[in-house]
Amino acid sequence: MAATSDQTQVIKNGKSATFYTPQTGGKQVSTPGSYTGFITGHITAPVPGDIGTGHSKTVVLK
């Protein structure tokens with residue numbers, strides 16, 4: 001089973017943001033298992049490009 005969320009957020013130069021999954025009002029994970037969050041980053045301005053991917057620590061739900 002997998003839970004997903006998809007959101008876009010503008011982060012201004014020199015700032016940071018924290019993303020939470022699932023989104024507010026989204027489906028909650030309740031099935032036991034191991035869960036890891038994955039992210040993909042893109043630069044949209046001033047020069048478009050990819051900044052790569054990353055992942056969170058794996059959380060075990062019992």
Side-chain angles (χ1 to χ4, degrees):
M1 174 181 180
T4 63
S5 71
D6 186 355
Q7 82 182 84
T8 299
Q9 185 166 340
V10 175
I11 304 171
K12 295 186 178 184
N13 191 22
K15 303 293 180 181
S16 63
T18 301
F19 295 84
Y20 297 93
T21 299
Q23 294 177 332
T24 301
K27 195 173 194 179
Q28 298 293 312
V29 175
S30 59
T31 303
S34 298
Y35 296 89
T36 306
F38 292 91
I39 61 163
T40 301
H42 302 282
I43 298 171
T44 58
V47 179
D50 291 333
I51 57 173
T53 60
H55 61 85
S56 69
K57 291 182 180 178
T58 298
V59 175
V60 177
L61 183 64
K62 295 180 181 182

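Throughout, numbering of the chain's residues begins at 1 and tracks the sequence.
Scanning both residues, V60 and S34, for their nearest heavy atoms gives CG2-OG, 3.9 Å. Of all the heavy atoms in H42 and T40, the pair that sits closest is NE2-CG2, 3.4 Å. When all heavy atoms of T58 and T36 are compared, the closest pair comes out as OG1-OG1, 2.6 Å.
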Walk me through it: do L61 and Y35 pass the test side-chain contact (heavy atoms from CB on, under 4.5 Å)? CA-CA 8 Å; L61 183 64; Y35 296 89; 4.0 Å; yes
